[in-house]
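Encoded as structure tokens, the structure appears first; notes follow it.
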Amino acid sequence: MRKKSVAVLDIRSSEVTAVVGERGVNNTFIIKSKYSCAYEGYAEGKLIDEDSFLSAVGDVVKSTVGAMGGIKSFYVGVPGEFVRTAVTDKVISFPSVKKIGEKDCRYLAAMAAPKDAEGFRTIRHSSLYYVLSDKRRIIDPVGTLSDSLHGKFCFYQCDNYFIEMLLRAFKTFPDVADLNLIPTVYAEALYLVEPELRDEYAVLFDLGYISSSYSVVCGNGLAFSESFSVGTGHIAVYLMSELEIPFEVASEFLSKVNLNAKETLSTMEECVCGGQSYKFSTVLLRDKIREGLDLICETIEECRQSFTGKNLDGKPILLTGEGVKMIRGTAEHISNRLVKNVEITAPAVPYYDKPHFSSLLSLLNTALTDAG
């Protein structure tokens, strides 16, 4: 594989995707191979079916290695379900005013590093911001003059259980010698949220199929991040239970109904599955789907209240993830329910400018940055 290309594995709660890509012109990407495989997903910090996960990862990695050849390392996105974030800060003082260098920033980060939580391992850290002796808050202090340096950092710790499952999945690929772990929530924050928004805090919500993540972005890191096992798949389960229909039918109805439409009581939606027809009032379906979305809205509000580091009342919610495309009108419903401005965000890349590509391209961007 050419040195400027990287192999990336994106693990969502409904499928895994492997790509090999490189930088294109004007901040685009050249995707040289892409393989996806559905599996049972994860919830409550555990894989629902470990064999399903191992098989899915094995399939996409085998296809990627077979198509490209020469792949020695993979950059693997770690879902928020398996990541803990620890925000710390530290101050160092100097004998006199000096020009801050990269070595000073590295030393400060090392001093601020927390101990790993039991069962977790630190895989990355990033800075939120720095404060100089004149009280200026800046993102990059290198080259500035100060006699002290205060830094606020976020350390990302990965569940050892997830690492062990990855090692099992890659055991059959001895030529892949290195697995470089990237917290997906971190990658999305830096790629999807513009620097000027990050400087003043921003809220990013990734709506997944089984698992979703709420993050408060600040500077080059996360001031807060919480993942929870609720997504659009749970709304399908709710619809299945309420209407006593098969899960496949419920899922199809989710994609048929537009929450913003104004159908009359006589408007009907029909789905044929297994030779049987299922027909319901569009208004009824819309109301049930809204009820399912309300549970997600309640969780978003709980996360907002849990973060006390900054008043976020005036901040819009940046919405992304595969759940956005599954139900039309999702953003508008969340906005109305929470009385918040909700903006759909996605990669600004032709052909991949959809929310369900956000994690994949965010990871690819971070991997290419790491690879230099």
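With contacts defined as side-chain heavy-atom distances shorter than 4.5 Å, the pair Cys105/Val142 qualifies. Inter-residue side-chain proximity for Val91 and Leu149 is flagged as unmet; no heavy-atom pair is nearer than 4.5 Å. Counting heavy atoms from C-beta outward, Val19 and Leu360 have side chains that approach closer than 4.5 Å. The closest side-chain heavy-atom distance from Phe153 to Val87 is not below 4.5 Å. Contact of the Ser212 side chain with the Phe205 side chain is registered, since non-hydrogen atoms from C-beta on lie closer than 4.5 Å.
For Leu285 against Val257, the heavy-atom pair with the smallest separation is CB-CG2, 3.9 Å. Contact record, Leu222 with Ser225: CD1-CB, 3.9 Å, taken as the closest heavy-atom pair. Contact between Met165 and Leu54 at its shortest, heavy atoms only, is O-CD2, 3.6 Å. Considering every non-hydrogen atom in both Gly77 and Phe162, the closest pair reads O-CZ, 4.2 Å. What you find for Gly329 and Leu259 is that their closest heavy atoms are O-CD1, 3.9 Å. Contact between Lys34 and Phe357 at its shortest, heavy atoms only, is CE-CE2, 4.1 Å.
The CD1 atom of Ile123 sits 11.5 Å away from the CG atom of Leu179 when rounded to the nearest 0.5 Å. Here the CG atom belonging to Leu204 is positioned 7.0 Å from the CG atom belonging to Asp206, to the nearest 0.5 angstrom. Atom OG1 of residue Thr366 and atom CG of residue Asn180 lie 12.0 Å apart, to the nearest 0.5 angstrom. Atoms OG and CD, from Ser229 and Glu81 in turn, are 3.5 Å apart once rounded to the nearest 0.5 Å. Distance CD1/Ile235 to CG/Leu239: 9.5 Å, rounded to 0.5 Å. The CZ atom of Phe82 sits 10.5 Å away from atom OG1 of Thr184, with the distance rounded to the nearest 0.5 Å.
Ser358 and Glu188 form no side-chain donor-acceptor contact under 3.5 Å, judged by distance and modelled atom types alone. Side-chain contact, Thr369 with Arg23: a donor N or O sits under 3.5 Å from an acceptor N or O. Side chains of Glu22 and Ser5: a donor on one and an acceptor on the other come within 3.5 Å. Side-chain atoms of Glu226 and Ser213 include no donor-acceptor pair closer than 3.5 Å. Side-chain polar atoms of Thr282 and Thr267 form no donor-acceptor pair below 3.5 angstrom. Ser133 and Ser146 form a side-chain donor-acceptor contact under 3.5 Å, judged by distance and modelled atom types alone. Between the side chains of Ser126 and Tyr156, at least one donor N or O sits under 3.5 Å from an acceptor N or O.
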Give every donor-acceptor pair under 3.5 Å between a side-chain atom in residues 340-355 and any protein atom, sequence neighbours left out.
unit_1, atom_1, unit_2, atom_2, d
Lys340, NZ, Asp313, O, 3.2
Asn341, ND2, Glu343, OE2, 3.0

Only pairs under 3.5 Å count here: list side-chain donor-acceptor contacts from residues 42-50, not counting sequence neighbours, and write none if there are none.
unit_1, atom_1, unit_2, atom_2, d
Tyr42, OH, Ser13, N, 3.4
Asp49, OD1, Asp51, N, 3.0
Asp49, OD1, Ser52, N, 3.0
Glu50, OE2, Tyr161, OH, 3.0

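Sparse packing is recorded around CD of Glu244, with 12 or fewer heavy atoms of other residues, nucleotides or ligands lying under 6.0 Å away. The number of heavy atoms from other shown groups lying within 6.0 Å of NZ (Lys90) does not exceed 12. For NZ of Lys171, the number of neighbouring non-hydrogen atoms (other residues, nucleotides, ligands) closer than 6.0 Å is 12 at most. Atom CD of Glu102 sits in a sparse spot, with 12 or fewer heavy atoms from other residues, nucleotides or ligands closer than 6.0 Å. Residue Asn27 qualifies as open at atom CG: its count of foreign heavy atoms under 6.0 Å is 12 or below.
Using a distance-only test at 3.5 Å, with no hydrogens or angles considered, a donor-acceptor pair links the side chain of Asp104 to the main chain of Gly101. Under a 3.5 Å cut-off, the side chain of Asn365 and the backbone N or O of Leu361 do not form any donor-acceptor pair. A donor-acceptor contact shorter than 3.5 Å links the side chain of Glu322 to the backbone of Tyr209. Between the Arg137 side chain and the Asp199 main chain, a donor and an acceptor come within less than 3.5 Å of each other. Remark: side-chain polar atoms of Thr330 are not paired, donor with acceptor, to backbone N or O of Met326 under 3.5 angstrom. The main-chain N or O of Lys256 is found under 3.5 Å from a side-chain atom of Arg328 such that the two form a donor-acceptor pair. A donor-acceptor contact shorter than 3.5 Å is absent between the side chain of Ser281 and the backbone of Met268. No donor-acceptor distance shorter than 3.5 angstrom exists from the side chain of Arg84 to the backbone of Cys158, with no hydrogens or angles considered. With Ser335 contributing its side chain and Ala331 its backbone, the two residues share no donor-acceptor pair below 3.5 Å. Side chain of Ser306 to backbone of Glu302: a donor-acceptor contact under 3.5 angstrom is found.
A salt bridge links Asp370 with Arg124: at least one charged nitrogen is closer than 4.0 Å to a carboxylate oxygen.
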Legend entry - Stepwise side-chain contact (heavy atoms from CB on, under 4.5 Å) check, Ile245 with Phe280: CA-CA 11 Å; Ile245 56 178; Phe280 294 95; 3.7 Å; yes
Legend entry - Stepwise side-chain contact (heavy atoms from CB on, under 4.5 Å) check, Val203 with Leu318: CA-CA 6 Å; Val203 177; Leu318 305 178; over 6 Å; no
Inset, instruction - May I have the step-by-step check of side-chain contact (heavy atoms from CB on, under 4.5 Å) for Ile31 and Leu364, ending in yes or no? - result: CA-CA 10 Å; Ile31 306 296; Leu364 181 56; 3.6 Å; yes
Legend entry - Cys154/His125 under side-chain contact (heavy atoms from CB on, under 4.5 Å): CA gap, chis, key distance, verdict: CA-CA 6 Å; Cys154 182; His125 75 271; over 6 Å; no
Legend entry - Criterion salt bridge (Lys or Arg N to Asp or Glu O under 4.0 Å) on Arg337 and Glu298, from CA distance to verdict: CA-CA 9 Å; Arg337 180 70 170 75; Glu298 290 171 7; 3.7 Å; yes
Legend entry - Audit row: Glu301, Arg304, salt bridge (Lys or Arg N to Asp or Glu O under 4.0 Å) steps and yes/no: CA-CA 5 Å; Glu301 181 60 21; Arg304 188 190 70 82; 2.8 Å; yes
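Tracing side-chain contacts under 4.5 Å through hydrophobic residues (I, L, V, M, F, W, Y), one never reaches Phe155 starting from Leu181; they form parts of separate clusters. In terms of hydrophobic clustering, with Ile, Leu, Val, Met, Phe, Trp and Tyr side chains grouped at heavy-atom distances under 4.5 Å, Val216 and Leu207 are assigned to a common cluster. Clustering ILVMFWY residues whenever any of their side-chain heavy atoms sit less than 4.5 angstrom apart, transitively, puts Leu319 in a cluster other than the one holding Val193. Criterion: ILVMFWY side-chain heavy atoms under 4.5 Å apart, direct or through other members. Under it, Tyr238 and Leu284 are not part of a common hydrophobic cluster. In the hydrophobic cluster analysis, where Ile, Leu, Val, Met, Phe, Trp and Tyr join through side-chain heavy atoms closer than 4.5 angstrom, Tyr129 is grouped apart from Leu132.
Between Phe307 and Phe224, the ring planes lie tilted relative to each other; the angle falls in the 30° to 60° range.
Under the ring-ring contact (aromatic ring centres under 6.0 Å, His included) criterion, no residue pair touches residues 330-350, with sequence neighbours excluded.
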